[in-house]
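Each chain gets a letter, A, B and so on, in the order the sequences are listed, and its residues count up from 1.
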Number of protein chains: 2
Amino acid sequence: MIDRMETRRKSSIGRPRGFDTEEALERAMRVFWEQGYEGASLADLTNAMGITRTSMYAAFGNKEDLFRKALERYTEGPASYADRAQREPTARQVATAFLNGSVWATTRPGCPAGCFGVQGSLAAGDPGRSARDALIAWRNEGTLRLCGRFQRAIDEGDLPPDTDPELLARYLMTVANGIAVQAASGATRDELQQVADMALRSWPPA
Amino acid sequence: MIDRMETRRKSSIGRPRGFDTEEALERAMRVFWEQGYEGASLADLTNAMGITRTSMYAAFGNKEDLFRKALERYTEGPASYADRAQREPTARQVATAFLNGSVWATTRPGCPAGCFGVQGSLAAGDPGRSARDALIAWRNEGTLRLCGRFQRAIDEGDLPPDTDPELLARYLMTVANGIAVQAASGATRDELQQVADMALRSWPPA
DNA sequence: GCACATCTGAATCGATCGGTACGGAAGGGG
DNA sequence: CCCCTTCCGTACCGATCGATTCAGATGTGC
């Protein structure tokens with residue numbers, strides 16, 4: 001009852017866990033991704049994970065914790081393009097990689113269409129408010145990281161000194177969010193790639 | 001039991017309704033807008049509407065019908081900027097009015113932040129799937145109408161003949177959807193107006 | 001005033017919600 | 001081997017879900 005909600009086990013004594021927590025989390029992530037926090041019931045989740053309620057609670061804590069861990073996995077998995085984009089050498093390449101990555105991630109065959117960080121919980125009632133707030137923070141952190149990267153680009157002379165890094169970051173995040181919504185609406189990868197290309201046409205000249 | 005789900009009453013006999021259906025629908029719209037279809041419980045809705053469950057069912061049918069009627073009201077109310085934008089004389093003015101309107105509508109003081117057509121139901125489980133599909137259709141219809149408007153602009157010589165009207169329409173809808181998500185994330189009207197202005201910089205020259 | 005259609009409110013429906021308690025099964029350390 | 005810890009499946013918890021039923025109140029048309 002103390003800290004059993006940790007995914008990692010603290011000792012090797014006792015019967016070992018009978019399922020792969022990483023794979024179970026992957027399955028849970030996809031359910032949240034597809035149905036959202038409030039739309040995903042415990043029955044949906046445990047069914048997809050292939051385990052019982054009890055095992056889920058022992059391994060992950062509760063539904064909210066499971067959602068947060070699924071978000072972490074999403075960040076390091078399908079959304080890892082964001083991290084990679086940050087490491088591109090120029091601001092323009094960062095922007096291009098970021099939008100291309102968002103197109104790619106939101107239209108991956110075999111994965112739900114759209115972005116976990118958007119449709120996981122955009123609006124919610126009381127019980128799902130904490131999940132919604134977690135995603136709001138997640139999106140805003142992404143914007144902030146982009147902003148910091150563009151500030152660096154300004155300092156390095158890669159962008160004009162009168163550039164507004166916040167605007168650039170918010171612009172990119174806005175387009176990426178829109179791409180996610182469009183992907184959830186059935187837009188294809190090709191169509192969204194064209195949109196991303198067009199969005200980059202308003203990027204400040206290198 | 002036949003068609004009592006109509007908002008309009010078919011006869012004047014009997015006890016008249018004790019509440020204003022339009023105002024009740026307005027209140028319901030805001031609840032769906034703020035909490036989404038699945039996040040809005042009957043208790044939330046009827047509480048905000050100031051009526052009982054029974055009155056709601058008698059006047060609107062059921063939760064799903066109420067949602068559809070709320071969407072109609074949203075279309076003709078807060079989202080009426082889309083219709084108005086279509087009637088602008090040039091394609092560029094259409095695009096400008098559309099994005100400006102979306103910024104304005106998603107950040108209206110006294111209204112929930114964001115767009116009903118996006119956060120009303122972006123992802124959902126089985127029970128909310130029909131609401132989700134209704135909003136998908138709603139967004140795609142908006143794109144289609146923009147596309148038709150830009151096709152007309154091409155025919156009129158307002159846009160170059162090699163323009164892809166679908167791409168322009170999808171681009172605008174993508175940016176508007178992104179603006180909605182950003183508004184739901186706490187972005188201010190000024191910030192989003194800057195984003196909209198920047199998005200229009202990639203518009204084909206007049 | 002009468003008869004009737006409709007509205008209203010409370011009580012209730014079965015189903016499902018997220019979350020738990022319990023007991024048997026199963027594996028590791030001595 | 002035994003003990004002990006942990007896992008796992010079932011059955012169940014109170015609360016809430018959307019939806020309905022029913023009696024009583026209320027207003028309209030005759």
Rounded to the nearest Å, what distance is computed from the [atom1] atom of residue [X] to the [atom2] atom of nucleotide [N]?
X: Glu64(A); N: dG19(C); atom1: CD; atom2: P; answer: 8 Å
X: Phe60(B); N: dT8(C); atom1: CZ; atom2: P; answer: 11 Å
X: Ile51(B); N: dC7(C); atom1: CD1; atom2: C1'; answer: 11 Å
X: Tyr57(B); N: dG18(D); atom1: OH; atom2: P; answer: 7 Å
X: Asp20(A); N: dC7(D); atom1: CG; atom2: C1'; answer: 16 Å
X: Arg129(A); N: dG18(C); atom1: CZ; atom2: P; answer: 17 Å
X: Leu66(A); N: dG19(C); atom1: CG; atom2: P; answer: 10 Å
X: Phe19(A); N: dT6(D); atom1: CZ; atom2: C1'; answer: 12 Å

Partners of Tyr171(B) by ring-ring contact (aromatic ring centres under 6.0 Å, His included), sequence neighbours excluded? none

Residue pairs passing the side chain to side chain donor-acceptor pair (under 3.5 Å) test with at least one member in residues 103-112 of chain A, sequence neighbours excluded, are Thr107(A)-Arg189(A)

Using residues 110-124 of chain A as the side-chain source, report each donor-acceptor pair under 3.5 Å to any protein atom, sequence neighbours left out, with the distance given to one decimal.
unit_1    : atom_1 : unit_2    : atom_2 : d
Gln119(A) : NE2    : Trp33(A)  : O      : 3.1
Gln119(A) : NE2    : Ala113(A) : O      : 2.7
Ser121(A) : OG     : Arg132(A) : N      : 3.4

Any side-chain N or O of Ser55(A) under 4.0 Å from OP1/OP2 of dC8(D)? yes

Listed pairs, N/O of protein and of nucleotides 14-17 of chain C, under 3.5 Å:
unit_1  : atom_1 : unit_2   : atom_2 : d
dC17(C) : OP1    : Ser41(A) : OG     : 3.2

Nucleotide nearest Asn62(A) when distance is taken to its side chain, options dG18(D), dG19(C), dT8(C):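 Of all the options, the side chain of Asn62(A) is nearest to dG19(C).
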
Among dA21(C), dT28(D), dA19(D), the one nearest any side-chain atom of Thr54(A) is dA21(C)

Tell me the ring-ring contact (aromatic ring centres under 6.0 Å, His included) pairs involving residues 176-199 of chain B, sequence neighbours left out? none

Without placing hydrogens or testing angles, list every side-chain donor-acceptor pair under 3.5 Å for residues 35-44 of chain A, not counting sequence neighbours.
unit_1   : atom_1 : unit_2    : atom_2 : d
Glu38(A) : OE2    : Gly125(A) : N      : 3.2
Ser41(A) : OG     : Ala43(A)  : N      : 3.4
Ser41(A) : OG     : Asp44(A)  : N      : 3.1
Ser41(A) : OG     : Asp44(A)  : OD2    : 3.1
Asp44(A) : OD2    : Ser41(A)  : N      : 3.3

For the pair Met49(A) and Phe60(A), evaluate side-chain contact (heavy atoms from CB on, under 4.5 Å) and give the outcome as yes or no after the intermediate values. CA-CA 12 Å; Met49(A) 299 165 86; Phe60(A) 300 102; 3.6 Å; yes

With side-chain contact (heavy atoms from CB on, under 4.5 Å) as the criterion, how do Arg17(B) and Phe19(B) come out once you've worked through the C-alpha distance, each side chain's angles and the decisive distance to 0.1 Å? CA-CA 6 Å; Arg17(B) 182 167 288 135; Phe19(B) 61 94; 3.4 Å; yes

